[in-house]
Amino acid sequence: MDSEVSMESQVDEYREDIKQLVHTHMTSINMSEEVRQLMEGMDSGDEVDNDVIFQKLTDRGLIGPVFDSVDKFVKEKQEVIVPPPHSSLIRREVKDKERCLELTLQRGRGFLEHLPSDDLLPGTPAPTFSIHASFQGQRLSSGDLSCLCEVEIQHSFKFSLSASLQVDKKGPDLLAVSEGVYLVLVRRELDGRRVLIGLGKLEWRRVLTERGQRMEGSLDVLGVGNEATVPIGALEYSLNMNLSPGDTAFLRDNPITRQLLDTQLGVEQGRRDEQLRLFLIYSKQWCHEYSQLRPSHRIRKLPLFSSSEGGSPSLACIYVTPLRTHRLIESPRSALRFCSLIPRRSDPLCPGQTSLGELWLSRLAVLSSRGAGEADRAVLLCSLLLGFGLNAFVCAGTNRIGTCYWVATLDTSGPTLFWDTSSGQRYTHQRQTVSDALEGRVHPKEYPYLTLGSVFNHKHFYANLQETDSVPLCSFEVNTPSLWKPLDYEAIRAISLPSWPLATVPLLPPTLTGAEASEAVERELKGQLVQFRMERDLTTHWDDQLEYILAPALVAYEAERELGCVLANEEFQQAVRHHVKPGHTFKGYPVQFNSCEGGKLFRHSLKSELCQEIVSCRGDSLQYSVRARVTCYPDEVFGVWVMWACHYACVL
């Protein structure tokens, strides 16, 4: 009885939605025509009995689907899952009966250039592949695959379509979902480095033209950068579209032909080409006007266009978009810490390139390969700060080394702040006037930036019109036309998203807890230390209590880097003094890193003379402690602190 009452209350709550659902179904099957034909088939003298008509419609299979749809609707409402705002459908499970797109990668063929070296000994770990897919704000990964010319994959990606379809009285507008399924291929080297080696885009709408919405095919995987037109291998796949009974009936009555799809694709491509053509004409004139204003403008940093990993030029503004991560990153300073910990990639992505700085990567490529250039990190940080409501811009200028990028947040009632993704530091910009500089009244400058050519975000692009581009003398009043030349806002809006996704990719939550990662790093580092001392005929004894005492110091170090506040360490110092016996010497060396690879961290620590003294120490009653603290950020980005410590009795 209670269940019946509950069901009735559910129906009452969603009565209008159910009415609309029934109406849509009746319209899709043209129920009025079915009833008319049924009435015409009856004898004129027969009495019209509603129950008889209802039974005959049921026998024809027209009523059952209505009840199924209503039942499914109510059940979905009872177990509805509300996705977090703007965090999108990150990695959630797709229900069996949910409208979805299922891509199964069956095998890879022809990856000749990325086979493991013949020098590898039997039993030695070999490099691996991983495939990362993105569609409509959803990200999935295949896990590690063997580096073979012919590799069996047999991995399925399920993407939800429910959130992306526009459904009206005519049914779902499947052709309106123009974004493709994007794939990136990443190779993991033996030393843990991840190298972006291939890209692929699948036009999923072709499955709509196939019977039963199922198809098989082969997708060419293209190279990166200068080799973006050269296939490096192929992926054999099957594509299956799971639809609701109503969607299936709609497609049966309104089939999508190959000709219709080709027409749609041609219209979309033509629209993009025309928008790009008009923008190129406008931007060329805009740049010409800017360069004619002052000779020095010709050498200022103006990255209006950059080349993505797909080899196509893209407007710099498109790389930036406000990014809200729900609870993955909860403050602007945490966002700065996260971006500063993303490893900087220095190896060339393709022949003829010496650094990543010549190539801007999409967010999918940055997060999947866990490597970024300076511009990539600045773009990602700007997107995160915009998500937190700050008026953030990417700055393009120079430092002592050459071209550099950083982020500035502007405030009409406060100072301009610089956010440096290389050091993880923030700087306050105090503007100096030319007269101050001439008269020697120079404020101390903490930041490393020398010149500033332009600033941009997702809406605006401004070129520096000021007489000097020296950062200390620059004004950041970007809305003043005499100081900054703006790119037309409507021209920026007119450029549609390119064929490669630059900014529509969410972050993924960490797969490890900080405690799990910390314990794993500690175990590996202790093993490294014992092995190091054994090779020098030295024994190793551990002090577990001192190891626990070291923990507050690491908390304070990470808080200083992440939050910008210095925590008092009196308790730590007091605990060490209380624990170390009189006449004993204590030595400690803290080091930070952005990797959980114990071997790499141990080698990095040995670059310090103090750490070498500690691990090679000799003394009476010598005891060691190693404490690690790992902060796990999204997408397997780690902030690792390690304290190497020992105490011993001095022997004269």
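We number each residue from 1, following the sequence as shown.
- Side-chain atoms of Arg272 and Gln275 include no donor-acceptor pair closer than 3.5 Å.
- Between atom CZ of residue Arg194 and atom OG of residue Ser130 there is a gap of 6.0 Å, rounded to the nearest 0.5 Å.
- Looking only at side-chain heavy atoms (C-beta outward), Val184 and Leu196 come within less than 4.5 Å of each other.
- Arg206 and Asp262 are joined by a salt bridge, as a carboxylate oxygen and a charged side-chain nitrogen come within less than 4.0 angstrom of each other.
- Here the two rings, on Tyr427 and His429, have centers that are 6.0 Å apart or farther.
- Of the residues listed (Glu560, Glu558, Glu562, Glu330), the one engaging Arg337 in a salt bridge (charged side-chain N to carboxylate O under 4.0 Å, His left out) is Glu558, and it is the only one.
- Asp220 contributes no side-chain N or O that, together with a main-chain N or O of Pro231, makes up a donor-acceptor pair within less than 3.5 Å.
- Salt bridge present: Asp635 and Arg139 bring a charged side-chain N and a carboxylate O closer than 4.0 Å.
- No more than 12 heavy-atom neighbours from other residues, nucleotides or ligands sit within 6.0 angstrom of CZ on Arg258.
- Asn399 places no side-chain N or O within donor-acceptor distance of the main-chain N or O of Pro448, the cut-off being under 3.5 Å.
- Ring geometry, Phe279 versus Phe305: the interplanar angle exceeds 60°, so the pair is classed perpendicular (tilted spans 30 to 60°).
- Annotation for Ile299: atom CD1 does not count as buried by contact number, only 12 or fewer foreign heavy atoms lying within 6.0 Å.
- Side-chain atoms of Glu274 do not come within 3.5 Å of backbone N or O of Arg271 as any donor-acceptor pair.
- At most 12 non-hydrogen atoms from other residues, nucleotides or ligands lie less than 6.0 angstrom from CD of Glu477.
- A donor-acceptor contact shorter than 3.5 Å links the side chain of Arg431 to the backbone of Leu473.
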task = Step by step, work out the side chain to side chain contact (heavy atoms under 4.5 Å, CB included) result for Ser160 and Gln138.
result = CA-CA 8 Å; Ser160 173; Gln138 302 161 84; 3.6 Å; yes

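- Remark: the backbone N or O of Leu410 is not paired with any side-chain donor or acceptor of Thr416 at under 3.5 angstrom.
- The two atoms that bring Leu359 and Ser307 nearest to each other are CD1-O, 3.3 Å, heavy atoms only.
- For the atom pair CG (Leu304) and OG (Ser314), the distance works out to 11.5 Å, reported to the nearest 0.5 Å.
- In this structure a side-chain-to-backbone donor-acceptor pair under 3.5 Å is missing from Ser368 to Ala365.
- In this structure, the separation between CG on Leu202 and CG on Leu239 is 6.0 Å, given to the nearest 0.5 Å.
- Between Lys459 atom NZ and Cys317 atom SG the span is 12.0 Å, to the nearest 0.5 Å.
- When all heavy atoms of Leu222 and Ala228 are compared, the closest pair comes out as CD1-O, 3.1 Å.
- For Val505 against Leu323, the heavy-atom pair with the smallest separation is O-CD1, 4.4 Å.
- In this structure, Leu380 CG and Ser362 OG are separated by 11.5 Å, a value rounded to the nearest 0.5 Å.
- A parallel orientation is assigned to the rings of Tyr449 and Trp406, their planes being inclined by less than 30° (bins at 30° and 60°).
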key: Test side chain to side chain contact (heavy atoms under 4.5 Å, CB included) applied to Thr631 and Leu341, step by step   = CA-CA 11 Å; Thr631 303; Leu341 289 171; over 6 Å; no

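- No more than 12 heavy atoms of other residues, nucleotides or ligands shown are found within 6.0 angstrom of CD1 on Ile401.
- Taking the side chain as every heavy atom from C-beta outward, Gln425 and Glu446 never approach each other to under 4.5 Å.
- In terms of heavy atoms, Leu336 sits closest to Asp420 at CD1-O, 3.5 Å.
- For Arg187 (side chain) and Ile197 (main-chain N/O), no donor-acceptor pair under 3.5 Å exists by modelled atom type.
- Here the closest heavy-atom approach between residue Arg300 and residue Thr468 is recorded as NH2-C, 3.8 Å.
- Side chain of Gln136 to main chain of Glu179: no donor-acceptor pair is present (N/O by atom type, distance under 3.5 Å, no hydrogens or angles).
- Judged by distance alone, the side chains of Lys301 and Thr403 do bring a donor and an acceptor atom under 3.5 Å apart.
- The environment of CD in Gln259 is sparse: at most 12 heavy-atom neighbours from other residues, nucleotides or ligands sit within 6.0 Å.
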task = Apply the test side chain to side chain contact (heavy atoms under 4.5 Å, CB included) to residues Glu467 and Ser296: give CA-CA distance (whole Å), side-chain angles for both, the deciding distance (0.1 Å), then the verdict.
result = CA-CA 9 Å; Glu467 184 176 357; Ser296 61; over 6 Å; no

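- Of the charged side-chain nitrogens involved, at least one lies within less than 4.0 Å of a carboxylate oxygen, so that Glu268 and Arg205 count as a salt-bridged pair.
- Here Gln430 contributes atom CD and Tyr447 contributes atom OH; the two are 8.5 Å apart, rounded to the nearest 0.5 Å.
- When side chains are defined from C-beta on, Tyr633 does not count as touching Leu507, because their heavy atoms never get closer than 4.5 Å.
- Ring-plane geometry between Trp484 and Phe476 is classed as tilted, the angle between the planes lying from 30 to 60 degrees on a 0 to 90 degree scale.
- A donor and an acceptor atom, one from each side chain of Glu374 and Thr421, are nowhere located under 3.5 Å apart.
- With Arg333 contributing its side chain and Leu563 its backbone, the two residues share a donor-acceptor pair below 3.5 Å.
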message = Determine whether Asn240 and Thr104 satisfy the following criterion, side chain to side chain contact (heavy atoms under 4.5 Å, CB included), listing intermediate values before the conclusion.
response = CA-CA 8 Å; Asn240 178 30; Thr104 301; over 6 Å; no

